[in-house]
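This report refers to the structure that appears directly beneath it.
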Amino acid sequence: MAYDLKNVFYLDTQATITKATAGGGSAQLDLSAYIDPIARGRTKGTGLAIYKTHFSIVNSEDTNEIAPKVTDEGVMAFCLSAGAGLGDNATGALQTSAATSLYDAGNQLMVSGGNFYAPGAAATATMVPEMYVKPSEKVPYVVVRDNVCLVYNVSAEKTMTSTSVISVRLECAQITLDQATLNQLLRTQTV
């Protein structure tokens, strides 16, 4: 399937990050309408190719200033994980020890991941998320499970000083898969 206007569409999800609270949280995005891992007769299985992910973190407390304030502090890791099945969890509801491997670049379920440092967290901090894993137009991440989860983990040393919203937009397309590729993806996307 080509990365073009005819085939690519957007999906998105978001989670609210509670200020002054450490730990992990998540938002689950149901993909079951786009994925069918079972080939039937001449019909091949389908998956969802994710070509690009775009993240934002905005201040949701101050309607006059949605960007994190220069004085805001907070450090966190975040990722989009295929088939994690974590559901929707408030900040601090996910145990950090159980979720630590989610943020590892070697995790086969990671579609994309990064770190965020609020402006007041460090002298060289930036308000733009720093991405360390992301899919591409030439090599998309193909999801064959029925969900992806936006997962984040706020540092205990530097919690967010404002209630914030983390959002992700996916540029994706539904694609058909031959049985061998489908089987390989099903094996690698097992939690």
Side-chain angles (χ1 to χ4, degrees), residues 10-31 50 52-136 141 143 145 147-171 188-191:
Y10 296 111
L11 294 173
D12 62 84
T13 191
Q14 66 182 24
T16 299
I17 303 165
T18 310
K19 71 177 179 181
T21 306
S26 63
Q28 185 166 306
L29 179 61
D30 181 13
L31 301 177
I50 301 174
K52 293 183 180 181
T53 55
H54 308 278
F55 289 87
S56 69
I57 296 146
V58 297
N59 173 346
S60 65
E61 282 186 8
D62 188 345
T63 56
N64 297 321
E65 185 178 353
I66 60 168
K69 297 177 185 174
V70 183
T71 56
D72 279 353
E73 292 188 355
V75 175
M76 74 173 157
F78 59 89
C79 69
L80 186 68
S81 185
L86 297 170
D88 297 333
N89 292 282
T91 308
L94 291 180
Q95 293 183 11
T96 54
S97 60
T100 303
S101 63
L102 285 172
Y103 309 102
D104 182 352
N107 178 2
Q108 294 185 27
L109 299 176
M110 183 186 286
V111 177
S112 60
N115 294 312
F116 175 75
Y117 303 89
T124 59
T126 161
M127 291 186 285
V128 179
E130 297 176 358
M131 303 303 296
Y132 55 85
V133 171
K134 57 185 175 181
S136 69
Y141 188 100
V143 180
R145 295 297 176 186
N147 69 79
V148 289
C149 288
L150 170 60
V151 188
Y152 62 92
N153 191 9
V154 179
S155 167
E157 289 82 28
K158 292 272 187 188
T159 59
M160 303 298 276
T161 51
S162 296
T163 299
S164 304
V165 174
I166 181 169
S167 303
V168 62
R169 175 187 282 184
L170 293 68
E171 291 183 25
T188 58
Q189 291 181 22
T190 302
V191 179

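For Ser162 (side chain) and Ser164 (main-chain N/O), no donor-acceptor pair under 3.5 Å exists by modelled atom type. Here the side chain of Arg145 pairs a donor or acceptor atom with the backbone of Gln189 at under 3.5 angstrom. Counting only distance, with no hydrogens or angles, the side chain of Gln28 and the backbone of Leu86 share a donor-acceptor pair below 3.5 Å. Remark: the backbone N or O of Gly85 is paired with a side-chain donor or acceptor of Asn147 at under 3.5 angstrom. The closest donor-acceptor contact from the side chain of Tyr141 to the backbone of Lys52 lies at 3.5 Å or more, if one exists at all.
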Notebook entry, point to check: Does the pair Ile57 and Met76 meet the rule for a side chain to side chain contact (heavy atoms under 4.5 Å, CB included), with working shown?
Noted result: CA-CA 11 Å; Ile57 296 146; Met76 74 173 157; 3.6 Å; yes

Next item on the list: Start with the C-alpha gap between Val143 and Ile50, add the side-chain angles, then the distance that decides, and say whether side chain to side chain contact (heavy atoms under 4.5 Å, CB included) holds.
Entry: CA-CA 8 Å; Val143 180; Ile50 301 174; 3.7 Å; yes

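For the pair Val154 and Ile17, the minimum side-chain heavy-atom distance is below 4.5 Å. Between Glu130 and Tyr117 the shortest side-chain heavy-atom distance falls below 4.5 Å. Two residues are said to be in side-chain contact when any heavy atoms from C-beta on lie closer than 4.5 Å; Tyr132 and Tyr103 meet this criterion. Side-chain contact between Asp12 and Leu170 is absent, with no heavy-atom pair separated by less than 4.5 Å. Between Ser112 and Pro135 there is a side-chain heavy-atom pair separated by less than 4.5 Å.
Separating the CG atom in Asn107 from the OG atom in Ser101 is a distance of 6.0 Å, to the nearest 0.5 Å. Atom CG of Leu150 and atom OH of Tyr152 lie 8.5 Å apart (nearest 0.5 Å). Here the NE2 atom belonging to His54 is positioned 10.0 Å from the CE atom belonging to Met131, to the nearest 0.5 angstrom. With values rounded to the nearest 0.5 angstrom, Met110 atom CE is found 4.5 Å from Cys79 atom SG.
Thr161 and Asp72 are linked by a side-chain donor-acceptor pair at a separation below 3.5 angstrom, with hydrogens and angles left out of the test.
For the pair Met160 and Gly74, the tightest heavy-atom approach, listed with the atom from each and the gap, is SD-CA, 3.6 Å. Shown here for Val133 and Ala105, the closest heavy-atom pair between the two residues is CG2-CB, 3.7 Å.
For an aromatic pair to be called close, the ring centres must be under 6.0 Å apart, and Phe78 with Phe116 fails this.
For Thr163, the side-chain contact (heavy atoms from CB on, under 4.5 Å) test picks out Thr16, Lys19, Ser60, Glu61, with sequence neighbours left out.
Of the candidates Val168, Leu80, Val148, Leu29 forms a side chain to side chain contact (heavy atoms under 4.5 Å, CB included) with just one, namely Val148. Of the residues Thr13, Asn89, Asn153, Thr91, the one that meets the side-chain hydrogen bond (donor to acceptor under 3.5 Å, both in side chains) test with Ser26 is Asn89.
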